[in-house]
Amino acid sequence: MPRPQRLDAPLETLDGVGPTMARRLRRIGLERVGDLLWQRPRRYEEPVPAKRVSELFGEDEAVIEVEVRRTRSRRRGRLRILTATVADETGSIDATWFNQPWLESRLTPGARVRLRGRPNRYGFAVGSYDLEGEAETADFAPVYPAGEDVAQKRLRELRAQALALVRDAGEPLPATLLSSERLPLRADALAAIHRPHALAEAETGRRRLAFDELLTLQLALARTAAARAQASAQPLPEPGELIERYRASLPFTLTPHQERAIAEIDGDLARSTPMQRLLQGDVGSGKTVVALYALLRAVEAGRQGALMAPTETLAEQHFLTLDELCAPLGVRVSLLTSSIRAKEHAAARQLIASGDAHVVVGTHALIQEEVDFHDLAVAVVDEQHRFGVAQRSALVEGRSPHVLHLTATPIPRTLALTVFGDLDVSELALPPADRKPIVTAWVTEERSSEAYTRLKRHLDDGRQAYVVCPLIEESPTKVARAAEAEAERLRTGELRGYRVGCLHGRLRPADRRAVMAQFKARELDVLVATTVIEVGVDVPNATIMIVQEADRFGLAQLHQLRGRVGRGAEQSYCLLVSRPREEITEVASERLEAMVATTDGFELAERDLEIRGEGQLLGARQSGLSDLRFVRLRRDRDLLERVREIARGLEEEGLLADAVDRVLGEAEHLGES
Ligand code: ADP
Ligand code: MG
């Protein structure tokens, strides 16, 4: 195969990867050979002393070199425990592994093994092990995010095969830049992060890769900003009578943060360059009322507003919320999604074209598919945590409405300014004052009946509840069926006698809307749902949530889910149900612990960064851009500054277009992976 293509090839081209393994690897985000190289290790093993068995003490981590005497395995529930009695010349000890039954056949009596782990009261809990000259127990051995289906061991074997091809990684940066910035070659950087001899070496490699990512991002931003500078928009007149009625209709007073965001938006709308503002605020911080304010400013000027959501469900939810607030004001809201019937669709388009629809709610496709607005003045783009630079440029290049982007991704303001350099930023840093922090508990499956007892107490007090179904990574149809089955099970089991509805992505839009409307109107006590409720559902009377198999969800996702409760003045609860700690992955228990420890989105974001790297948080898979996998936003502030200077320099020298082609061209290709 020609060299650059070897890293692009599917993982099946590696030794020992068949279709089943390939499927498992895809599930943890690995598709091509190169993906193995672009995965950042979670951490590196600390250097620890090699000890003899008789020297093991307390719970200090250590490495022992021993011989296997005998093994035995047993089951405890779903847990499979393998114990090996191992010994050196000073003594013997029982070493234990969880859920690695295949290992038994390799730990034959007489085999020499190197074990890294901690002594405990049962013997020695093995963290990593080496048979036959492997290197996992070595000091600074990288530890990768583990999937449940693929053992670390396998991943390391595969990565070793990929590392043999590291010279194919190419070098997008010119030699002059490499030497002026004292950066290692990309191939060397990749080798260093996967096989460092010291932490400093891994860090130098990481910074080089972070540099590439930041440069890519800055170039993309520069390109967008250049396009934006050329666009023009019509300024809107001062706020008037409709806005006054809107403010009066709200059942609460706006927080100072909301007022400040509104003032900033007013400033933007008065100008003849299109607004490009990011409204950032954690779940429940009250972004919707601010967004509607911006839309109503357009309506008041006799023009139109549009709200675009990332998914159909979310668009429907926004529609319900906005329609309720707008109807009393005499403002007409239309819903436009691709799944409404052709006749309705045509009718909606007609209303939009004639200007009879004042506010239009739909999916992002709404704008991209050239819907013909009568006079669109303000667009609100709800991106939640899926934030994409590419999408922004698409908007700028077409019509030039004023645009407000909403995001629930908590990034400190100063960093947001650099990362989203082409946007102005407003932040809702504090939720409305009458909120009590949600109480979160981690409950094991055996005790889930107590969780339901707790939930029923809320229902008996006239409150409502959510039950979130396990995340199944198969087809949406299977997910939907599982949700239906779960709702049915609860109706006849734990929640007998209560009104239980079910919400999932496979319902027809009208049915989905009906279920949501019923829940809002308190005609349902409990909503059993898939992650479709992750964003946007807003029912302040819902005060308790049970998340089943919570260990399967990501931290950002759990935080979003939890944000569905705690929306009113009542104390709210979130109960995370999972298998016991020993049976779930290390990362999964770290996530659940983090959820219990704090409700602060910023803190959780930081934890998420530590647990799995920044890129994902910023809304990984931005179309056309590779993830920020290696950037550590806090640690790399100086690097970020430096990269901005470089990008600015390129622009001044007229070299921007060239650099964009070179670096972004490559990123676009990587981003596909
Ligand atoms: P977000 O979209 O940021 O997650 P929402 O806009 O959905 O949050 O607001 C969450 C809840 O808080 C809603 O029920 C909303 O009506 C309510 N809310 C918004 N602003 C205020 C405020 N200033 N005072 C009290 N409640 C508010
Ligand atoms: Mg919202």
Side-chain angles (χ1 to χ4, degrees), residues 246-263 265 277-296 307-311 313-329 359 361 380-387 404-411 416 425-438 463-464 466 516 519-522 531-543 545 556-572 574 599-602 604-605:
Y246 172 54
R247 281 176 171 279
S249 75
L250 292 173
F252 42 72
T253 45
L254 297 177
T255 66
H257 290 269
Q258 286 169 323
E259 289 290 2
R260 194 177 60 202
I262 279 174
I265 289 167
R277 180 170 292 279
L278 177 67
L279 178 61
Q280 212 195 335
D282 205 351
V283 240
S285 60
K287 293 184 291 296
T288 312
V289 274
V290 177
L292 181 54
Y293 176 92
L295 294 170
L296 291 177
L307 189 153
M308 286 172 280
T311 66
T313 318
L314 191 49
E316 285 156 13
Q317 287 156 6
H318 275 308
F319 171 74
L320 289 175
T321 311
L322 295 196
D323 195 40
E324 196 181 306
L325 291 163
C326 286
L329 304 173
V359 172
V361 180
V380 173
V381 184
D382 186 359
E383 293 168 304
Q384 297 295 337
H385 44 285
R386 284 171 273 274
F387 200 80
L404 181 67
H405 303 266
L406 308 184
T407 179
T409 306
I411 305 172
V425 180
S426 295
E427 194 188 342
L428 303 182
L430 286 176
D434 58 349
R435 300 278 168 75
K436 297 192 182 69
I438 301 160
R463 310 262 161 243
Q464 290 162 285
Y466 299 102
M516 266 165 353
F519 190 62
K520 268 197 169 172
R522 301 195 188 189
T531 50
V532 299
I533 64 149
E534 184 183 333
V535 282
V537 174
D538 184 27
V539 178
N541 190 47
T543 51
M545 163 178 285
Q557 204 168 23
L558 286 172
H559 181 58
Q560 291 285 335
L561 285 169
R562 179 169 60 184
R564 298 311 108 207
V565 294
R567 302 193 140 239
E570 296 298 318
Q571 177 65 59
S572 286
C574 175
T599 52
D600 180 328
F602 282 96
L604 283 172

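Here, residue 1 is the first one in the sequence, and each next residue gets the next number. All of these numbers come straight from a predicted model, not from anything done at the bench. For ligands, and for the atoms within them, numbers begin at 1 and follow the listed sequence.
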> Would you indicate which of Q317, R567, Q280, R435 comes nearest to atom 17 (C) of ligand 1 when only heavy atoms are counted?
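Among Q317, R567, Q280, R435, the closest heavy atom to atom 17 (C) of ligand 1 belongs to R435.
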
> Out of R463, E570, M545, which residue meets the side chain to side chain contact (heavy atoms under 4.5 Å, CB included) rule with V565?
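Exactly one candidate clears the test, M545.
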
> Any non-hydrogen atom of G281 lying under 4.0 Å from ligand 1?
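So G281 does not count as touching ligand 1.
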
> Hey, does D282 sit under 4.0 Å from ligand 1 if you only count heavy atoms?
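Yes, that is the case, since the closest heavy atom of the residue is under 4.0 Å from the ligand.
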
> Examine distances only and state if a side-chain atom of Q571 and a backbone atom of P437 form a donor-acceptor pair shorter than 3.5 Å.
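Answer holds: yes.
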
> Compare K287, E259, H257, R564 and give the one whose heavy atom is closest to atom 3 (O) of ligand 1.
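Answer by nearest heavy atom: K287.
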
> Closer than 4.0 Å to some heavy atom of T255 - which atoms of ligand 1 meet that?
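Listed by number with element, the hits are 23 (N).
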
> Going by heavy atoms, is V290 under 4.0 Å from ligand 1?
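False for this residue.
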
> Between R277 and S426, do the side chains contain a donor N or O and an acceptor N or O under 3.5 Å apart?
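A pair is found: one side chain offers a donor N or O, the other an acceptor, under 3.5 Å apart.
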
> What is the distance from atom CD of Q560 to atom OG1 of T531, rounded to the nearest 0.5 Å?
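The OG1 atom of T531 is 11.0 Å from CD of Q560, to the nearest 0.5 Å.
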
> Classify the contact between L428 and ligand 1 as side chain, backbone, both or neither, using a heavy-atom distance cut-off of under 4.0 Å.
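Looking at L428 and ligand 1, no heavy atom falls under 4.0 Å.
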
> At a non-hydrogen distance cut-off of under 4.0 Å, which region of L254 contacts ligand 1 (side chain, backbone, both, or neither)?
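For L254, the contact with ligand 1 is made by the backbone alone.
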
